[in-house]
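Written below as structure tokens is the structure these notes are about.
As a basis for the values below, the full set of heavy atoms in this structure was taken, side chains included, without hydrogen atoms, waters or symmetry mates.
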Protein chains: 2
Amino acid sequence: MEFKEAKNKFVQTWGALGSQWGINKTMAQIHALLMVSHEAVSMEDIMEELQISRGNASMNLRALMDWGIVYKEYKAGERREFFTAEKDLDELAVKISRERSKREIKPALKVLKEVSAITSDNTAEEKHFVDQTTKLYDFVLKADNMLDKITEYKDNWLAKLVVKIMK
Amino acid sequence: MEFKEAKNKFVQTWGALGSQWGINKTMAQIHALLMVSHEAVSMEDIMEELQISRGNASMNLRALMDWGIVYKEYKAGERREFFTAEKDLDELAVKISRERSKREIKPALKVLKEVSAITSDNTAEEKHFVDQTTKLYDFVLKADNMLDKITEYKDNWLAKLVVKIMK
DNA sequence: ATAAACTTTCATTTTTTTTTGAAAATTTAA
DNA sequence: TTAAATTTTCAAAAAAAAATGAAAGTTTAT
């Protein structure tokens, strides 16, 4: 396999993986492209490589920057903007975890807390509901706290965690 | 908040959370519904509660069973089938991890291995590509192995892990 | 200030995903 | 068997999500 083919395969695969995890395909593809680019890439070049429109590129770059995993870069004497991806994988994982926690898990926790707090009339049905949603709340809270902890480790948390887990 | 309202809110929220993680909304809703039901539910009742068609219910129940997190149940003297969800949350997490690993992570790993194995002509560009995809392969492999380990713990892995992490 | 270079926005179109529902298949009871 | 009850399948329709592209907005150089 030659370089161009490999690069393309990587970008396509990363895009598909993104879709399966609720991230829009183009967004994941742009991210993939930037991750394997040794230098910052212009919007024009992204459009060209991925065959997408200006609007699409602009919107998804914005989203990636909102996630904190893509940065704008200015080159001296160049008017247009260039983009780079966070290339440190620990840092990338930390940022993705933090965002997903903030955007998705925390709001879900809030709802779980609310619904598990109903004053049940003690029918078997209602008791089971309260019991199950309470357990779910505790579980998700623990998982989310774990993410927070991992986030604090920051450098090389994954390797450290693996060592711990493997004993 | 009363029971019916709480139940509905939970089902809607679980559905929305599913979508954000690449799981079809109805599938997540059916799962939510079964999780908080104290006894097995018929397809008819699922259709009724979620206001969905027979085909939709049938297909998503099948998908949930393929994931191994919903079971069919037969009641004596009853012709139709009833469904229950895996209610143990550790078991649920383990099954979801295993499936996502098998369906999504393992194939992605295979591609990462392939593309990182190109014989580079040692341009800076190609060197960076090989370097980055190799790092990504190692990272994803480690993360995936961690999931495997967690899976082995099976009972109460999350609590144990939290204890470890918190030191 | 003007205008060229470039980016963002958003109504419209396109694509993708999900849902429907009716026909086919299956299962069970008589 | 036959037929009633139930489930599955899948082509077509609907809904949701993503992409386009041109106009509006910004920025920078002169």
Side-chain angles (χ1 to χ4, degrees), chain A residues 11-34 40-67 70-84 100 103-104, chain B residues 11-34 40-67 70-84 100 103-104:
Chain A
V11 168
Q12 297 306 321
T13 304
W14 209 239
L17 196 63
S19 306
Q20 291 170 317
W21 287 79
I23 284 127
N24 139 353
K25 191 187 67 181
T26 301
M27 189 169 151
Q29 286 182 342
I30 295 176
H31 181 247
L33 181 62
L34 295 179
V41 183
S42 70
M43 202 159 93
E44 205 69 41
D45 287 346
I46 293 170
M47 287 162 59
E48 167 65 26
E49 281 228 49
L50 303 180
Q51 292 291 304
I52 59 174
S53 70
R54 193 172 294 288
N56 197 5
S58 174
M59 286 166 81
N60 283 112
L61 280 166
R62 153 70 71 100
L64 284 163
M65 289 189 294
D66 290 347
W67 275 68
V70 159
Y71 314 113
K72 240 182 210 170
E73 213 166 80
Y74 299 93
K75 289 198 187 175
E78 274 277 14
R79 188 137 164 189
R80 69 222 149 108
E81 302 168 330
F82 292 80
F83 302 87
T84 9
R100 296 210 93 148
R103 298 179 190 206
E104 297 150 17
Chain B
V11 169
Q12 295 308 320
T13 303
W14 207 240
L17 196 63
S19 305
Q20 291 170 318
W21 287 79
I23 285 129
N24 140 350
K25 193 186 66 183
T26 302
M27 188 170 152
Q29 285 181 344
I30 295 177
H31 181 246
L33 180 63
L34 295 179
V41 183
S42 70
M43 201 158 93
E44 206 69 43
D45 287 346
I46 293 171
M47 287 162 58
E48 167 65 26
E49 280 228 49
L50 303 179
Q51 291 292 301
I52 59 174
S53 70
R54 191 171 295 285
N56 197 5
S58 173
M59 287 167 85
N60 283 112
L61 280 166
R62 152 71 69 99
L64 283 163
M65 289 188 295
D66 289 347
W67 275 69
V70 160
Y71 315 112
K72 239 182 211 170
E73 214 165 80
Y74 299 93
K75 289 197 187 175
E78 274 278 12
R79 186 135 164 191
R80 69 220 147 111
E81 302 167 330
F82 292 80
F83 301 88
T84 11
R100 296 210 90 145
R103 297 179 190 206
E104 297 150 16

Check: [Y] and [X] side chains under 4.5 Å, non-hydrogen atoms:
X       : Y       : value
A/Asn60 : A/Ile52 : no
B/Asp45 : B/Leu33 : no
A/Asn56 : A/Leu50 : no
A/Tyr71 : A/Met65 : no

Rounded distance (Å) that lies between atom [atom2] of [N] and atom [atom1] of [X]:
X       : N      : atom1 : atom2 : value
A/Leu61 : C/dT7  : CG    : P     : 10 Å
B/Glu78 : C/dA29 : CD    : P     : 11 Å
B/Asp66 : D/dT9  : CG    : P     : 10 Å
A/Ile52 : C/dT15 : CD1   : P     : 15 Å
A/Asn56 : D/dT20 : CG    : C1'   : 8 Å
A/Glu44 : C/dT7  : CD    : C1'   : 11 Å
B/Met47 : C/dA22 : CE    : P     : 12 Å
B/Arg62 : D/dT9  : CZ    : C1'   : 10 Å

### Query
If you check every side-chain atom of B/Arg54, which of C/dT19, D/dT8, D/dT20 has the closest atom?
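Closest nucleotide to the B/Arg54 side chain: D/dT8.
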### Query
Closest to the B/Met43 side chain: C/dT9, D/dG21, D/dT7?
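The listed nucleotide nearest to B/Met43's side chain is D/dT7.
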### Task
Using the salt bridge (Lys or Arg N to Asp or Glu O under 4.0 Å) rule, pick out the option among B/Arg80, B/Arg54, B/Arg79 that qualifies with B/Glu44.
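The passing option is B/Arg54.
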### Message
Taking the nucleotide of DNA chain D with the nearest heavy atom to each, does A/Tyr74 or B/Ser58 sit closer to the 5' end?
### Response
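First, find each residue's nearest nucleotide; the 5'-ward one identifies B/Ser58.
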### 5' priority, DNA chain D, between A/Gly77 and A/Ala57 [closest heavy atom]
A/Ala57
### Query
Which of residues 11-30 of chain A have a heavy atom under 4.0 Å from DNA chain D?
A/Asn24, A/Thr26
### Task
Return no unless some side-chain N or O of B/Lys72 is found under 4.0 Å from OP1 or OP2 of D/dT8.
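Answer is yes, contact under 4.0 Å.
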### Task
Give the minimum heavy-atom separation between A/Leu17 and B/Glu104, together with the two atoms involved.
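What the structure gives for the nearest pair is CD1-O, 3.7 Å.
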### Query
Is B/Glu81 touching bases, backbone alone, or none of the nucleic acid, heavy atoms closer than 4.0 Å?
sugar-phosphate
### Task
Verify the neighbour count for atom CD of A/Glu78: are there more than 12 heavy atoms of other residues, nucleotides or ligands below 6.0 Å?
yes
### Query
Does B/Arg79 make a side-chain donor-acceptor contact with the base of C/dT27, cut-off 3.5 Å?
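For B/Arg79, whose side chain was compared with the base of C/dT27, there is a donor-acceptor pair (under 3.5 Å).
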